[in-house]
Student: 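I have a structure here, written as structure tokens, and I will follow up with some questions on it.
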Amino acid sequence: MKKTNNTTNTPYVNSKVGVIGMGYVGLPLALLFLKKGYQVTGIDINQPKISQLQNGKSYIPDIKDNELQDALKTDSIIFTSNYDVISQLDIIVICVPTPLTKEQIPDLSYIKNVSEEIYPRLQINQLVILESSTYPGTTRDILLPILEKSDLQIGSEFYLGYSPERIDPGNNTLKVEEIPKVVGGISEGCLQHITDFYQNVFDEIIPTSSVEIAELCKLVENSYRFINVSFINELAMLCDQLNINLWEAIDAASSKPYGFQPFYPGPGIGGHCIPIDPLYLSWIGQQHGFNNQFLALAEQKNKDISQYVINQINNIVHAEKPINEANILICGVSYKKDSNDVRTSPPLDIMKTLVKSYKSLVYFDPAVPTVEINQQTYHSTEITPQLLKKMDIVVILVDHSAIPVQDILNHAKIVYDTKNVTAGLTGSAKLFLLGNGNIS
């Protein structure tokens, strides 16, 4: 069932909204609530981050400093690390991390800690919405019992629901409010409350019959991408053996008007969602005696492609000179295009491996000014003709818009492109492309 916005005589029009977790999801969401006319409080236990926001300084590429400063001038948004403000709010939206432990077990400690902070401050008629990616059952089995320690009754004295975040950092083709909003409630009343609120914010609401379906929705979306990208990366390795250009084959397949969606190869899948969420699905399957074989294989292939790229780079360089005498320039260390997020970033992991073998390694990524590797700080360098001529190989791992691709082709000796950003361009550099079969 789909429900579009209709704010006439709708509840929650003049409510006070709190967003817990000022990260890549929480901060844009807080600013969207402000844009829709709400009084907004951004909450995060990271005091340096809160201080930065209070001073109008953004740490997220999608949010510019002037946008944040304009928001602060409205006097309708504040940022704090003090959970006591919860008692003054009508709506609480939770956007905290849900990582994996070293043993690949879901780490719900952030959700649990936030819930423990909320329940002593929970007020009658408050609406609590979890947006963090998690496995089906988290809202009902983990969050609800903690909130019920407030002695308030779910569905009559407070309301609880789940809505998967769908923000895509670095993607400016859609506004946040244009992305359909999936919602689920612990009860029918809870679903109605979360729908009443979000229909004031988003263009389209997708109600589900349970919070578990809403929770599973996000895992389905990201597992779908995880499996398909892993499959395409496997095809890239095959096409290198067959001397066939996979990129051209994908473009040709994309001409089919039905039954095909293009996915593209690269050095690995990173970020906080796509490589993590499927493992939540695998874990909950294991708890019920079920083995998700596709997800296990996709996870292995995601590891394989990163090592494959490392081997390809080494093979290219070794054909010219000993690796320990070579200079290498890495373009892009974040996990995706035009992002500064290095969480579970395959390019960064590749860089950490290569730095051990080469005479010198430098990197270019204006979105990531510094990175720490083996207790040593590396700084993003400026790409100049002089630098390019000193490099024995330039490796493009991320398709950042800021990468001067033509300059690289004009002045570098060898270029290894894992993202096909050199398509249609020519230069004096010897060019190698992942999935093109031109590496011996």
Student: For Y12 and H193: C-alpha separation, side-chain torsions, deciding distance, then whether ring-ring contact (aromatic ring centres under 6.0 Å, His included) applies.
Tutor: CA-CA 9 Å; Y12 293 119; H193 277 265; 5.8 Å; yes

Student: Can you tell me which residue among P267, S306, P265 is in a side-chain contact (heavy atoms from CB on, under 4.5 Å) with N233?
Tutor: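 When P267, S306, P265 are each tested with N233, the side-chain contact (heavy atoms from CB on, under 4.5 Å) holds only for P265.
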
Student: Any luck finding a side-chain donor-acceptor pair between S230 and N302 under 3.5 Å?
Tutor: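 Side-chain D/A pair, S230 to N302: absent.
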
Student: Do N200 and Y38 have side-chain N/O donor and acceptor atoms under 3.5 Å apart?
Tutor: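 Yes, Y38 and N200 have a side-chain donor paired with an acceptor closer than 3.5 Å.
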
Student: Distance-only check: which donor-acceptor pairs under 3.5 Å involve side-chain atoms of residues 86-97, not counting sequence neighbours?
Tutor:
residue: S87; atom: OG; partner: D84; partner atom: O; Å: 3.0
residue: D90; atom: OD2; partner: K16; partner atom: N; Å: 2.7

Student: With a 4.5 Å heavy-atom cut-off, do I105 and W283 have their side chains touching?
Tutor: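 Touching, per the 4.5 Å side-chain cut-off.
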
Student: Flag the pair L144 / I186 as yes when at least one side-chain heavy-atom distance between them is below 4.5 Å, and no otherwise.
Tutor: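 Side-chain contact under 4.5 Å: yes.
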
Student: How would you list all residue pairs meeting salt bridge (Lys or Arg N to Asp or Glu O under 4.0 Å) that involve residues 292-305, not counting sequence neighbours?
Tutor: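 Only E234-K301, E299-K303, K301-D304 qualify under salt bridge (Lys or Arg N to Asp or Glu O under 4.0 Å).
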
Student: Less than 4.5 Å apart, side chain to side chain, heavy atoms only: is that true for S334 and N340?
Tutor: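 Answer no - side chains too far apart.
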
Student: When the side chains of residues 44-56 are checked against the rest of the protein, which donor-acceptor pairs come out under 3.5 Å, sequence neighbours left out?
Tutor:
residue: D44; atom: OD1; partner: N46; partner atom: N; Å: 2.9
residue: D44; atom: OD2; partner: M22; partner atom: N; Å: 2.8
residue: N46; atom: OD1; partner: K49; partner atom: N; Å: 3.1
residue: Q47; atom: OE1; partner: S81; partner atom: OG; Å: 2.6
residue: Q47; atom: NE2; partner: S51; partner atom: OG; Å: 3.1
residue: S51; atom: OG; partner: Q47; partner atom: O; Å: 3.1
residue: Q54; atom: NE2; partner: F79; partner atom: O; Å: 2.8
residue: N55; atom: ND2; partner: S51; partner atom: O; Å: 3.0

Student: Find out whether V19 and T41 are in side-chain contact, i.e. whether some heavy atom of one side chain is under 4.5 Å from a heavy atom of the other.
Tutor: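 When only atoms from C-beta onward are counted, T41 and V19 do not touch, as no gap falls below 4.5 Å.
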
Student: Not counting sequence neighbours, which residues clear salt bridge (charged side-chain N to carboxylate O under 4.0 Å, His left out) with K149? List them please.
Tutor: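 For K149 the salt bridge (charged side-chain N to carboxylate O under 4.0 Å, His left out) partners, ignoring immediate neighbours, are E116.
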
Student: Identify, with sequence neighbours excluded, every residue that meets salt bridge (charged side-chain N to carboxylate O under 4.0 Å, His left out) alongside E177.
Tutor: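 Scan of E177 (salt bridge (charged side-chain N to carboxylate O under 4.0 Å, His left out), adjacent residues dropped) gives K35.
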
Student: Between N292 and F294 (side chain of the first, backbone of the second, donor and acceptor by atom type, cut-off under 3.5 Å), is there such a pair?
Tutor: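 Not confirmed, N292 side chain does not pair with F294 backbone.
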
Student: Whether the Y363 and H379 side chains hold a donor-acceptor pair (N or O, under 3.5 Å, no angle test) is what I'd like checked.
Tutor: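 No.
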
Student: Picking from D62, V25, I167, what satisfies side-chain contact (heavy atoms from CB on, under 4.5 Å) with V176?
Tutor: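 Exactly one pass, corresponding to I167.
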
Student: Give me each pair satisfying salt bridge (Lys or Arg N to Asp or Glu O under 4.0 Å) with a member in residues 341-356, each pair once, sequence neighbours excluded.
Tutor: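 The answer is D341-R343.
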
Student: Going from CG on D277 to OG on S223, what distance comes out if it is rounded to the nearest 0.5 angstrom?
Tutor: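 Here the interatomic distance stands at 7.0 Å.
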
Student: Any chance the side chains of E215 and T139 put a donor and an acceptor closer than 3.5 Å?
Tutor: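 Judged by distance alone, the side chains do pair up.
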
Student: Whether D203 and K181 form a salt bridge (side-chain N of Lys/Arg under 4.0 Å from carboxylate O of Asp/Glu) is what I want to check.
Tutor: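 Not counted as a salt bridge, because no side-chain N and carboxylate O are separated by less than 4.0 Å.
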
Student: Do the side chains of L147 and V128 get nearer than 4.5 Å, heavy atoms only?
Tutor: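 In short, these two side chains touch, coming nearer than 4.5 Å.
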
Student: If we ignore angles and hydrogens, is there a donor and acceptor under 3.5 Å between the side chains of D196 and Q192?
Tutor: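 Yes, because at least one side-chain N or O of D196 sits under 3.5 Å from a partner of the opposite role on Q192.
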
Student: Between F33 and F197, how do the two ring planes meet: parallel, tilted or perpendicular, split at 30° and 60°?
Tutor: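 Ring orientation of F33 relative to F197: tilted.
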
Student: Just do the ring-ring contact (aromatic ring centres under 6.0 Å, His included) check on Y224 and F263 with the steps written out, would you?
Tutor: CA-CA 11 Å; Y224 169 79; F263 291 87; 5.6 Å; yes

Student: How many angstroms lie between atom OG of S133 and atom OH of Y162, to the nearest 0.5 angstrom?
Tutor: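 Between S133 OG and Y162 OH, I get 5.0 Å after rounding to 0.5 Å.
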
Student: Can a donor-acceptor pair be found, under 3.5 Å and without considering hydrogens, that links the side chain of E221 to the backbone of K218?
Tutor: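 Not at all, since once roles are kept as given, no pair shorter than 3.5 Å links the two residues.
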
Student: Check whether any side-chain heavy atom of I269 lies under 4.5 Å from a side-chain heavy atom of I305, and answer yes or no.
Tutor: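 The answer is no; the side chains never approach within 4.5 Å.
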
Student: Is there a donor-acceptor pair under 3.5 Å between the side chain of D240 and the backbone N or O of G435?
Tutor: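 Yes; judged by distance alone, with no hydrogens or angles, the pair exists.
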
Student: For V17, does its backbone N or O pair with a side-chain atom of S15 as donor and acceptor, under 3.5 Å?
Tutor: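 Absent.
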
Student: Name the orientation class of the two ring planes belonging to Y264 and W247 (parallel below 30°, tilted from 30 to 60°, perpendicular beyond 60°).
Tutor: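 Plane angle under 30°, so parallel.
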
Student: With a 4.5 Å heavy-atom cut-off, do F364 and V394 have their side chains touching?
Tutor: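 Not touching, per the 4.5 Å side-chain cut-off.
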
Student: Does a salt bridge link E212 with R140, judged by any charged N lying under 4.0 Å from a carboxylate O?
Tutor: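 Salt bridge present between E212 and R140.
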
Student: Examine distances only and state if a side-chain atom of S58 and a backbone atom of K64 form a donor-acceptor pair shorter than 3.5 Å.
Tutor: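 Checking the backbone N and O of K64 against the side chain of S58, no donor-acceptor pair under 3.5 Å is found.
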
Student: Is there a donor-acceptor pair closer than 3.5 Å between any side-chain N or O of H400 and the backbone N or O of D338?
Tutor: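 Checked: pair present.
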
